[in-house]
Amino acid sequence: MDTIKLSRVELIREAFHYQNRFEGSTMVFKIDCPIIDDPHFSSLMKDMALLAKTGFRVVIVPSAKEWIDSVLKEYGIISNYHENLRITTSESISFVEMAAFHVATRFMTLSASRVDAIIGNFVRARGLGVINGVDMQHTGVVDKVLLDSLEQVLKQGMVPILPCIGWSPVGKPYNVASDEIALAIASALGAIKLFIVSIDGCLKAGMYDMPEATEIDENGRVIRLSPQEAYRILAANTDRAQDTSLKLLNLGLRATKAGVERVHIIDGREEGAILKELFSNMGAGTMLYTDEHEAIRTLHNSDIPDVLRLMEPLMQKGVLIRRTPEAIQEKKDDYIVADIDGSIRACAALHDWGEKQAEIAALATDPAFTAMGLGRRLVNYLIEKAAKKGFERVFVLTITTQDWFETLGFKETPVETLPTRKRRSYNRQRKSKVFALKLP
Ligand SMILES: CC(C)(COP(=O)(O)OP(=O)(O)OC[C@H]1O[C@@H](n2cnc3c(N)ncnc32)[C@H](O)[C@@H]1OP(=O)(O)O)[C@@H](O)C(=O)NCCC(=O)NCCS
């Protein structure tokens, strides 16, 4: 019960913190067409409405590919592709418009959550022309984002919805890839976030060659990547460049280049995926980030000297038990660090002692960076990690920090409740107190 209360309080804290920091910022959602038919579509809409009502500027760019395919098929119109782009013929463009607007209309259900939405012609397009001898006809690219109209709509607290159609200055319609619209809009509006909401979801590690230090959860989900890491993954897997996951990663990378601080690739069929990705440390998808300012991440080999530097004064005082570089190296995967602008400012570890219990240990914050919430965030990260790994309880052995752990919901518990292996190594002379937290 305590744990549940704690996680709720933490979630509320994070949400307020986030809202304070980013209120008035723009988030663009590029949403794959099949999601509109998923049972979770209505909760996805509710979550986006919630963000809009909370003061974020929400923009929706629905993809209509599959719906266009089915409409064209129904009317017996064959779609040809050239260089991965549909050739939108004069015969098919009106059907493409119809399908694109049908999909966009499905997002008008935002009004059910009392959020006004508007489908608009916010994109001026021009034709792609002839590519390698192939006339692309009504297939176009973004010529210009009509920023003034878009800003007016956003100022009134409405959510603009942009179907995959743009018009030339003389009113000629073009089918424009929703990826390109989302990129152009995110860049023109200075969006801080682009959500790529797809049915393929996050990037999975087992399927591709990954750099060694890539942060992966227990299900193989790649949690977060810097643009450099994303480049490395794309470069190491060129033979699979056409895989949807890598195409999404490439789109994310282009968005970061266009100035978007964070790109989140999530599975739109997962309940609450947007909110989980925004408000929990571990997230729910794959995040590409350019803002190095603060990151909680796993330990890299090159961090070990910095972690020892942090721990040394505390080891000298006997607050932390002594650890050698080799001992840290051996348990490297247990450690996480708070990295601020490329420097390690806090660290912590989660050790598995069996019997579904894990120990939070080696917690230290750089004295120049205390009381900034780093300790709390590291411990919460480890609590989430432990819960996801199926542990039933986390505990900590402390001689000076009991009050602090109590504020995080930990309760004192007898040494006898420790798992057998830990109990055997318990040093009675240190007189450490045991504090524990039950996981939901
Ligand atoms: C305990 C510790 C990790 C907190 O780190 P931090 O990054 O400053 O933590 P937070 O910013 O989340 O919390 C800071 C708050 O806790 C309070 N606090 C810090 N140490 C405390 C302690 N020993 N007892 C009670 N409260 C404490 C601070 O006064 C501050 O209060 P405020 O928010 O009202 O200003 C850090 O002080 C530390 O490195 N301590 C020594 C190592 C240690 O004891 N590790 C635990 C054993 S594994």
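It should be emphasised that the depicted structure is a prediction, and the values quoted were computed from it without experimental measurement. For reference, positions follow the sequence shown, starting with 1. All ligand and atom numbering here is 1-based and tracks the order in the structure.
The residues K422 and E359 are annotated as salt-bridged, a charged nitrogen and a carboxylate oxygen being separated by less than 4.0 angstrom. Taking the charged nitrogens against the carboxylate oxygens, D32 and K30 do have a contact shorter than 4.0 Å, which makes a salt bridge.
Put simply, atom 32 (P) of ligand 1 has no protein non-hydrogen atoms near it, under 4.0 Å away. Note that atom 29 (O) of ligand 1 has no protein non-hydrogen atoms nearby, at separations under 4.0 angstrom. Protein heavy atoms are found inside the 4.0 Å sphere centred on atom 5 (O) of ligand 1. The presence of a protein heavy atom under 4.0 Å from atom 12 (O) of ligand 1 is confirmed. Checking atom 43 (C) of ligand 1 against the protein gives a heavy-atom contact under 4.0 Å.
For the 3.5 Å distance criterion, the side chains of E355 and T420 qualify, holding a donor opposite an acceptor. At a cut-off of 3.5 Å, with distance as the only test, no side-chain donor of Q402 or E406 sits close to an acceptor on the other residue.
The protein heavy atom nearest to atom 40 (N) of ligand 1 is L314 CD2, 4.7 Å. Counting only heavy atoms of the protein, atom 47 (C) of ligand 1 lies nearest to L320 CD2, 4.0 Å. Shortest contact from atom 45 (N) of ligand 1 to any protein heavy atom: L363 O, 2.9 Å.
Within the structure, the closest approach of V319 to ligand 1 falls below 4.0 Å when heavy atoms are considered. The shell of residues lying under 4.0 angstrom from ligand 1, judged by heavy atoms, excludes A346.
Counting heavy-atom neighbours within 6.0 Å of E330 CD, excluding the residue itself, gives a total of 12 or less. The local environment of CG in D148 is sparse, with at most 12 non-hydrogen atoms from other residues, nucleotides or ligands closer than 6.0 Å.
Remark: among candidates F369, W404, F405, F435, the nearest residue to atom 27 (C) of ligand 1 is W404, based on non-hydrogen atoms. Compare T401, I321, L378 by their heavy atoms: the one nearest to atom 46 (C) of ligand 1 is in T401.
For the pair R126 and Y174, the cation-pi test (distance below 6.0 Å, angle within 45°) is failed.
In this structure, F29 has its ring center closer than 6.0 angstrom to the ring center of F195. Aromatic rings from F405 and F410 are positioned such that their centres are separated by under 6.0 Å.
When only interatomic distances are considered, the shortest N/O to N/O separation between A371 and ligand 1 falls below 3.5 Å. Residue G375 has at least one N or O atom closer than 3.5 Å to an N or O atom of ligand 1.
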Practice problem: Before giving the answer on salt bridge (charged side-chain N to carboxylate O under 4.0 Å, His left out), spell out for D303 and R297 the whole-Å C-alpha distance, their side-chain angles and the decisive distance to 0.1 Å. | Solution: CA-CA 11 Å; D303 300 324; R297 59 167 177 80; 2.8 Å; yes
Exercise. For side-chain hydrogen bond (donor to acceptor under 3.5 Å, both in side chains), just list the numbers for R393 and T417, CA-CA rounded to whole Å, side-chain angles, deciding distance to a tenth of an Å, and then say yes or no.
Key: CA-CA 11 Å; R393 198 171 90 132; T417 63; 3.0 Å; yes
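Using a 4.0 Å cut-off to heavy atoms of R376, the atoms of ligand 1 that qualify are 12 (O). Interface of A364 with ligand 1, defined as ligand atoms under 4.0 Å from a residue heavy atom, comprises 39 (O).
Atoms CE and CD1, from M311 and I328 in turn, are 3.5 Å apart once rounded to the nearest 0.5 Å.
Under 4.0 angstrom from ligand 1, the non-hydrogen atoms of T365 come from both its backbone and its side chain. Contacts between T400 and ligand 1 below 4.0 angstrom, taking non-hydrogen atoms only, involve backbone and side chain alike. With a 4.0 Å heavy-atom cut-off, ligand 1 is reached by the backbone of T370 and by its side chain too.
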